[in-house]
Amino acid sequence: MPMIRETIVSTMDDAGRVHLAPIGIIADDGGWIIAPFHPSTTLNNLRAVPFAAANFTDDVRIFAGCLTGRSQWPTAPCTEIRVPCLADALTHVELAVTRITEDELRPRFHCRALRSIAHAPFKGFNRAQAAVIEAAILVSRLGMLPRDKVEGEMACLQIAVRKTASAAEEEAWSWLRQAVAAFYEKSSPESSGGI
Ligand SMILES: Cc1cc2nc3c(=O)[nH]c(=O)nc-3n(C[C@H](O)[C@H](O)[C@H](O)COP(=O)(O)O)c2cc1C
C-alpha cells in the first residue's frame with residue numbers, strides 16, 4: 001500500500017490565482033504523486049502551471065475551511081517556484097511536475113521535490129486533529145457515502161474531539177458538522193437533524 005500524507009496543496013492558474021485544497025499526496029520513490037479527481041481546480045491548475053507546494057500543517061481549520069467555503073488562508077512566497085506556500089505551514093515542500101499518468105477519473109501528477117523548508121516544530125499528535133481530518137474526508141464525499149455511515153462515523157469521531165480538542169479543532173469540527181447538516185437538510189428536508 002502507498003504511504004499518503006494529508007496536506008494542503010497550493011496551486012496556481014494561468015492568471016496567477018492561488019488555490020488551496022486538502023490533498024493526500026502519495027510517496028513515490030523519493031518524490032510525491034498528486035492525484036486530483038476529475039473535475040477539480042487543482043487538476044486544471046496543475047495542467048496550466050505544473051508546480052505546487054505541499055503544505056504540512058497542524059491547523060486543521062484549513063482542512064475543514066477549504067471544504068466549507070473558507071478557502072482564503074494567508075500564503076507566503078516559495079523560494080524555487082512561483083506558486084506560494086501556506087504562511088502557517090510547519091513545513092512546506094516545493095514540487096515540480098515531472099510527468100503525468102493520464103486517467104479519466106484521477107490522473108496522477110508525478111512530482112520532484114525541489115526544496116523542503118521547515119518553519120515550526122511538530123508539537124505532537126492530537127486525537128481531535130486526526131478526527132477532524134477524517135471528518136473532512138467524509139464531508140468531501142457526502143454525495144457518495146450513505147447517510148448512516150457518515151452519521152455513524154461522525155458520532156465516533158466526535159468522542160475524540162470532545163476529549164482532546166483545543167479551540168481551533170472545535171471550530172473546525174463545528175464547520176464540518178454544519179456542512180453535514182446542511183447537506184442532508186437540502187437533500188431530504190423531512191429527515192434532517194441526525195447529527
Ligand atoms: C484529508 C483529505 C485528503 C484529500 N485527498 C484528495 C486527493 O488526493 N485527491 C482529490 O481529488 N481530492 C482529495 N480530497 C478532496 C478535496 O480536498 C476536495 O474535493 C477539493 O474540493 C478538491 O477540489 P478542488 O481542487 O476543485 O478544490 C481530500 C480531502 C481531504 C479532507
Side-chain angles (χ1 to χ4, degrees), residues 1-28 31-73 75 83-86 88-93 95 97 100-111 125-145 149-150 153-154 156-158 160-161 168-169 171-180 182-183:
M1 288 295 281
M3 196 275 283
I4 295 179
R5 295 261 175 221
E6 306 305 344
T7 68
I8 302 295
V9 168
S10 35
T11 55
M12 193 183 249
D13 69 9
D14 269 338
R17 280 182 297 251
V18 177
H19 183 71
L20 302 175
I23 298 278
I25 59 171
I26 304 161
D28 176 43
W32 295 97
I33 294 171
I34 303 173
F37 283 99
H38 186 83
S40 70
T41 304
T42 301
L43 176 53
N44 295 343
N45 285 0
L46 284 173
R47 289 202 194 282
V49 179
F51 297 93
N55 301 281
F56 300 92
T57 177
D58 60 358
D59 186 347
V60 292
R61 291 176 308 167
I62 305 174
F63 287 85
C66 286
L67 293 173
T68 58
R70 301 166 177 90
S71 53
Q72 299 303 310
W73 298 90
T75 58
V83 177
C85 61
L86 261 187
D88 288 338
L90 300 177
T91 294
H92 83 268
V93 183
L95 299 170
V97 177
I100 306 172
T101 306
E102 293 294 352
D103 182 84
E104 245 174 56
L105 186 67
R106 199 179 184 192
R108 291 160 74 88
F109 292 79
H110 300 257
C111 300
F125 295 108
N126 172 257
R127 290 177 59 206
Q129 289 171 352
V132 168
I133 300 292
E134 290 301 323
I137 290 172
L138 293 174
V139 166
S140 76
R141 297 179 184 165
L142 284 176
M144 290 177 267
L145 295 172
K149 178 178 166 66
V150 172
E153 290 197 16
M154 290 291 284
C156 288
L157 293 168
Q158 185 157 25
V161 175
E169 289 79 38
E171 187 171 29
W173 182 259
S174 73
W175 295 343
L176 295 172
R177 272 182 59 105
Q178 285 162 19
V180 173
F183 180 82

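In each ligand, atom 1 is the first atom listed, and ligand 1 is the first ligand listed.
- Looking only at heavy atoms of the protein, atom 9 (N) of ligand 1 is closest to Ala35 O, 3.0 Å.
- By the 3.5 Å distance cut-off applied to N or O atoms, Ser140 is not counted among the residues near ligand 1.
- Enclosure of atom CD in Glu102 by more than 12 non-hydrogen atoms of other residues, nucleotides or ligands within 6.0 angstrom is indicated.
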>> Using side-chain hydrogen bond (donor to acceptor under 3.5 Å, both in side chains), reason through Arg70 and Thr68 one step at a time and then give a plain yes or no.
In response: CA-CA 6 Å; Arg70 301 166 177 90; Thr68 58; 2.7 Å; yes

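- At under 3.5 Å, a nitrogen or oxygen of His19, whether backbone or side chain, sits near a nitrogen or oxygen of ligand 1.
- Nearest heavy-atom pair, Asn55 versus His92, reported as atom, atom and distance to 0.1 Å: OD1-CB, 3.5 Å.
- Gln129 places a side-chain N or O within donor-acceptor distance of the main-chain N or O of Asp58, the cut-off being under 3.5 Å.
- Of the protein's non-hydrogen atoms, Ala21 CB, 4.2 Å is the one closest to atom 22 (C) of ligand 1.
- In this structure, of Arg5, Glu134, Arg106, the residue bringing a heavy atom nearest to atom 8 (O) of ligand 1 is Arg106.
- If you check which protein heavy atom lies closest to atom 5 (N) of ligand 1, you get Gly24 N, 3.0 Å.
- Shortest contact from atom 26 (O) of ligand 1 to any protein heavy atom: Thr41 N, 2.8 Å.
- Across Ile100 and Val97, no two heavy atoms sit closer than the pair CG1-CG1, 4.1 Å.
- The two residues Trp173 and Ala135 come nearest to each other via the heavy atoms CZ3-CB, 3.5 Å.
- Thr11 places no side-chain N or O within donor-acceptor distance of the main-chain N or O of Thr42, the cut-off being under 3.5 Å.
- Nearest heavy-atom pair across Ala136 and Leu176 is N-CD1, 3.7 Å.
- From the protein, the heavy atom lying nearest to atom 25 (O) of ligand 1 is Thr42 OG1, 2.6 Å.
- With ligand atoms numbered from 1 in the order given, ligand 1 contributes 1 (C), 2 (C), 3 (C) to contacts under 4.0 Å with heavy atoms of Glu6.
- Between the Arg106 side chain and the Ala35 main chain, a donor and an acceptor come within less than 3.5 Å of each other.
- Inclusion of Ile133 in the set of residues having an N or O under 3.5 Å from an N or O of ligand 1 is not warranted.
- At a 4.0 Å cut-off, at least one heavy atom of Leu67 sits close enough to ligand 1 to count as contact.
- Of all the heavy atoms of Pro39, none lies under 4.0 Å from any atom of ligand 1, so neither backbone nor side chain is involved.
- Checking only distances, Ile137 never comes within under 3.5 Å of ligand 1, N or O to N or O.
- Nearest approach of Phe109 to Arg47, heavy atoms of both residues: CZ-CG, 4.1 Å.
- Put simply, the side chain of Thr7 gets close to the backbone of Ile23: a donor and an acceptor are under 3.5 Å apart.
- Ser40 CB, 3.7 Å is the protein heavy atom nearest to atom 23 (O) of ligand 1.
- Ligand 1 has an N or O atom lying under 3.5 Å from an N or O atom of Phe37, backbone or side chain.
- Closest to atom 28 (C) of ligand 1 among all protein heavy atoms lies Pro22 O, 3.2 Å.
- Ile23 CD1, 3.9 Å is the protein heavy atom nearest to atom 12 (N) of ligand 1.
- Considering backbone and side-chain atoms together, Ala136 places no N or O closer than 3.5 Å to any N or O of ligand 1.
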